[in-house]
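Step one of this worksheet: look at the structure below.
Numbers here simply count residues along the sequence, with the first being 1. A quick note: this is a predicted structure, and the numbers were derived from the prediction, not measured.
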Amino acid sequence: MTKKDFFRLIIKIFGLYSVILIVFTILPNTLSFVVNEFNFTGLIEIICTLGVILLFFMFLIYKPDKIINWLKLEKGFDEDRIEFQNFNGQNILKLAVIVIGGIILIRNIPTFLSNTFFAFQSSVGNQLNKDVIRYGSTQNYIQWATSFLNIILGYLMLTNYNYISKILNEKEKQEK
């Protein structure tokens, strides 16, 4: 299996995981806000949410090569082929950093997009929806900022996995 094939497989699995996560978290949250007071804005919100879900799914499933090239996931490995028989500690660390960074990124994108949308909707639409959606408590902003920082952390882990694995490997050697 080549590196590119392996990362394609991983990205497609993340794509399916993220769609499931979005369908079971973002969509119900959106529907719960719309059910309280169904109006034209709510209908547009549902359509936009479904559109974003569909675009995100299509991009992760059908365009993994663009993600691999953009994040430069092929770089930093010694060989083009990944042989699982002789998968050494350094390669396992690289893979672990990539997987953890991807999970952090995928799990926090929906939260960040939801908070961004709700903040925008509450600031723009308060005259239209008569304060039905209240956004702006400290907890909302903390959750928004935390998800943003986690997205940055996940991105940095994905783009610098080689450097991170070298640091972790050096610390392991120093402890011995």
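Note that CG of L113 is 11.0 Å distant from CH2 of W144, once rounded to the nearest 0.5 Å. Between the CZ atom in F112 and the CG atom in L149 there is a gap of 10.0 Å [rounded to 0.5 Å]. Y161 contributes atom OH, which lies 9.5 Å from atom CG of L71 (distance to the nearest 0.5 angstrom). Taking CG of N160 as the reference point, atom NZ of K72 lies at 10.5 Å (rounded to 0.5 Å). How far CD1 of I109 is from CG of N150: 11.0 Å, rounded to the nearest 0.5 Å. For the atom pair CD1 (I164) and NZ (K94), the distance works out to 12.5 Å, reported to the nearest 0.5 Å.
With sequence neighbours excluded, no residue satisfies ring-ring contact (aromatic ring centres under 6.0 Å, His included) with F59. Partners of I10 by side chain to side chain contact (heavy atoms under 4.5 Å, CB included), not counting sequence neighbours, listed by chain and number: F6, F14. Residues satisfying the ring-ring contact (aromatic ring centres under 6.0 Å, His included) test with Y163, not counting sequence neighbours, are none. F57 is linked by a side chain to side chain contact (heavy atoms under 4.5 Å, CB included) to L16, V19, I61, counting only residues two or more places apart in sequence or in another chain.
In plain terms, the two heavy atoms of Q143 and N115 that are nearest each other are CG-ND2, 3.8 Å. Annotation for D65 and R8: closest pair OD1-NE, 2.6 Å, computed over non-hydrogen atoms.
Side-chain contact between M58 and L55 is absent, with no heavy-atom pair separated by less than 4.5 Å.
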Would you mind writing out the side-chain donor-acceptor pairs for residues 152-159 within the sub-3.5 Å range, not counting sequence neighbours?
unit_1	atom_1	unit_2	atom_2	d
T159	OG1	Y155	O	3.0
T159	OG1	L156	O	3.4

Quiz: residues 98-105 side-chain donor-acceptor pairs under 3.5 angstrom, not counting sequence neighbours:
none

